[in-house]
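Written out below as structure tokens is the structure these notes cover.
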Amino acid sequence: MSEAFLEGLNPEQLRAVTHGDGPLMILAGAGSGKTRVLTHRIAWLVQHAGVDPRSILALTFTNKAAREMSHRVETLLGTTATGSWIGTFHSICLRILRRHTDLLGVGRDFAVYDVDDQRRLAKRVVKELNLDAKKFKPAALLAGVSRAKDTGQGPDDMEVPPYPATLVKFYTAYQKMMKEASALDFGDLLLETLKLFSRHPCVADHYANRFKYVLIDEYQDTNRVQMLLAERIADRWGNLCVVGDDDQSIYGWRGADLDNILSFSQRHKETTTIKLEQNYRSTSPILDAASTIISNNKGRHAKKLWTDREGGEPIRLHEAATEEEEALWIVAMIDQLAQQGYQPGEIAVLYRTHALSRPVEEALIFSGIPYVVYGGLRFYERREIKDALAYLRLAVHPDDPVALTRVINLPTRGIGARTVDLIFKHADSHETGLWDGARLAIEEGALTARAAKAVGGFMEMVEGWRATVESTPLDQLIERILVESKYRDHIEKDGDERSSDRLENLAELLSAAEAFEKEGGGGATRFLDRVALVSDMDRAGDTFSAVTLMTIHSAKGLEYPCVFISGMEEGIFPHQMSMDEEGGVEEERRLCYVAATRAKEHLHLSYSRIRRVYGNQSEYRIPSRFLSELPGMAPSVAKINPYARPPGAEPQVQQVTGEEEGGNYYLPDPEEASYSTGMKVRHPRYGIGVVTQAQGLGPSAKVTVEFGSTAKKFIAGMAKLEILVT
DNA sequence: TCGACCGATTTTTTT
DNA sequence: AATCGGTCGA
């Protein structure tokens, strides 16, 4: 029996990996090798302790983490398909629920609603309850519902004081409609599994008996329902192993309860606690900075993270005048790092909110550095994809109100809001599903002849798909849907400049369906499940040749040799929205700690003095309080302006770079450059072109240049645009 | 019922 | 900037 995988572990890691039976809590500081410990522990259980892989359950937060874990376990054990269940809480719960649909209160092929679906349904509910949508915002009500679900409360569990009566009323109506829709949202996936377990103890026992070892990653981010679920399964054998770090708890807004990890050893008698405090990731300047920031939080678990990686690059901070300039600085530093030999894939730019990606993206585009943005608008969240999938959902479950209202009049078929409302009313008064409601509305002559004909035609079309949904390969079915619904025609014809993108996305959806069929298929419901739970994020880290841009939340669990954190400003980081909440700023500070500890060798921070909000108006900003918490890092220190002239130097001499195509071109000093329409310029890659648009002055000016038939946009300071001497 | 137009309004993070 | 909802004329 080979135990080579125990080599190279430090004593604490070894103790955690080779812990036998009984509850185990591993408090793993950032970069202390916790993923290594988890995977090695699974390998050790199987190989050394003779545990059947099928009796291991490992729960993670992201699909990516789950995949990485399975992959690493496979590598260690040298086998594939070990039979362990490794997945996110949500996907594991969905798997369980699908196996016991007969015991659930929802239909067989229930749908999984994502945030967008939830929002649409919430709007419908607000409308049906005759609430003033201005006073009671669907999104806010929904947030209240999600929070309730995270803590395990159904609508009946909520006492009216302290909870607002409207919220409870909304929650009740929302759940009713979800049930009619045969749909579960993310919160339901967890809560319904817990309910399934308590209503049918034999089902729970089945899983409890099977899973002798339960491991949970990122335990500090579990909510109450997740904790109860894990305990219900694990308490049979008592082998619950949790890994977490209270300093990295950043999902409080999603119902994560820090108390889960803080009180673990009280809930589980004879818990073995192991602390992993040696950081293998970051140099000491980085670790020191991160530790200093987090030390400003109160009520932390005592811990002292240390590293033996002495020395290393100091942290850099840059104050920019504008967001464009901030982006330019980042790109200039990336260039510098590239010259030092770093690959683009070793660099990440992190930010608090997606909106901050834009200026950085633009600067990267213009300098030709490859990059990938994670998160943001995901593939399956794109409008055309959601539309197409709504048709597919109707084929599976025609009562789905969100899917129905989404596409019943898309493209327009003469079925307006009035008709849709009538259908809802009929379904309601006859206590039937929407589909029968529509049928009844026609039969009872409630609709105008025109509307009745339109609705009838639509229903016939959907019934046609419905008849073959089981027997037709998915890609063929979707193709048929796109044609018969005339949705593709609609996209083709709408004259929007984005329509070719949309068509491409639809083609990509078809190839995803085809790939799904090739992998073994499993029907439309399984395809839709996957779509609901899998995000683009799962590809993060697959790209080695591009700079990665993402939010700090997405970056959790990842590491990069070089990390930039942009937008270090009050109101952004800490975010405005977090400031009036209890403990909000502390969570932001933990987020800052997470961000800083992603870096192995280089950490670069930046902020801008002026930032545009909502496109139009600019706001003055002040540096983040987290910066002033760093000693020797007062915002005025370490100002770096890559375009600054050395003191006393003359303005950059205009550099004549050559003579061709009838003129001399020179590369202007970015500070001095000014571009205007009609000017002839030369770009190293695209050649000679004509300026068709120029916005702004100095290095942050935006210039549009036409090269023959193609137009390109540049930022003056980045693009090496030479100007024709006249 | 449709589409054009206008004004108001943007919760930050994710399964 | 971009999107969403409401209004109004055809």
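Here is the naming used below: chain letters follow the sequence lines, and residue numbers restart at 1 for every chain. Just so you know, these numbers use all the heavy atoms, side chains as well, and skip hydrogens, waters and symmetry mates.
Counting any heavy atom pair closer than 4.0 Å across all strands shown, A/F89 reaches no nucleic acid atom. A/T419 comes within 4.0 angstrom of sugar-phosphate atoms only, judged by non-hydrogen atoms across all strands, and of no base. At the heavy-atom level, A/K556 lies nowhere under 4.0 Å from the strands shown. Within 4.0 Å (heavy atoms only), A/R413 reaches sugar-phosphate atoms of the nucleic acid but no base atom. Contact annotation for A/R450: no contact, since no heavy-atom pair falls under 4.0 Å across all strands. Using a 4.0 Å heavy-atom distance criterion, A/K149 is classed as making no nucleic acid contact. Within 4.0 Å (heavy atoms only), A/N409 reaches sugar-phosphate atoms of the nucleic acid but no base atom.
For the ring-ring contact (aromatic ring centres under 6.0 Å, His included) test with A/F626, the passing option among A/F573, A/Y593, A/Y607 is A/F573; the others fail.
In the set C/dA2, B/dT12, B/dT15, B/dT12 carries the atom at the smallest distance from any side-chain atom of A/T353. Here C/dC4 is the nucleotide among C/dC4, B/dT12, B/dG3 with the atom lying nearest to any side-chain atom of A/K123. Across B/dT1, B/dT15, B/dT11, the shortest atom-to-atom separation from the side chain of A/R254 is found for B/dT15. Of the candidate nucleotides B/dT13, B/dT15, B/dT11, B/dT11 has the atom nearest to the side chain of A/A143. Across B/dT15, C/dA2, B/dT11, the shortest atom-to-atom separation from the side chain of A/R358 is found for C/dA2. Taking only side-chain atoms of A/F186, from C-beta outward, the nucleotide of B/dT14, B/dT15, B/dT11 with the closest atom is B/dT15.
As rounded to whole Å, 13 Å separates atom C1' of B/dT10 from atom CD of A/E619. Between the P atom of B/dT11 and the CZ atom of A/F136 lies a distance of 20 Å, rounded to the nearest Å. Separating the CZ atom of A/R119 from the P atom of C/dT3 is a distance of 14 Å, rounded to the nearest angstrom. Whole-Å rounding puts the A/H575 NE2 to B/dT13 P distance at 8 Å. Here B/dT14 presents its P atom at 12 Å from CG of A/L350, a figure rounded to the nearest Å. One atom, CG of A/L422, and another, C1' of B/dT1, lie 13 Å apart when rounded to the nearest Å. Put simply, CZ on A/R147 is 13 Å from C1' on B/dT14, counting in whole angstrom units. The nearest whole Å value for the distance from the CG atom in A/L189 to the P atom in B/dT15 is 13 Å.
In this structure the side chain of A/L196 reaches within 4.5 angstrom of the side chain of A/L104, judged on heavy atoms.
Lacking a ring centre under 5.5 Å from that of the base six-membered ring together with a plane angle below 30°, A/W253 does not count as stacked on B/dT12. Taking the 5.5 Å centre cut-off and the 30° plane limit, the aromatic side chain of A/Y614 is classed as stacked on B/dT10.
For the pair A/K149 and A/E192, the salt-bridge criterion is not met [side-chain N within less than 4.0 Å of a carboxylate O].
Heavy atoms of other residues, nucleotides or ligands lying less than 6.0 angstrom from CZ of A/R254 number more than 12.
Taking the ring centroids of A/F170 and A/F136, they lie at or beyond the 6.0 Å cut-off.
Classification of the A/Y351-A/H354 ring pair by plane angle, with boundaries at 30° and 60°, yields perpendicular.
At a cut-off of 3.5 angstrom, counting only N and O atoms as typed in the model, there is a donor on one side and an acceptor on the other between the side-chain of A/R352 and the base of B/dT13.
Taking only side-chain nitrogens and oxygens, A/T551 comes nearer than 4.0 Å to OP1 or OP2 of B/dT14.
Comparing A/I415 and A/E588 by the nucleotide of DNA chain B whose heavy atom lies nearest to each, the residue mapping closer to the 5' end is A/I415.
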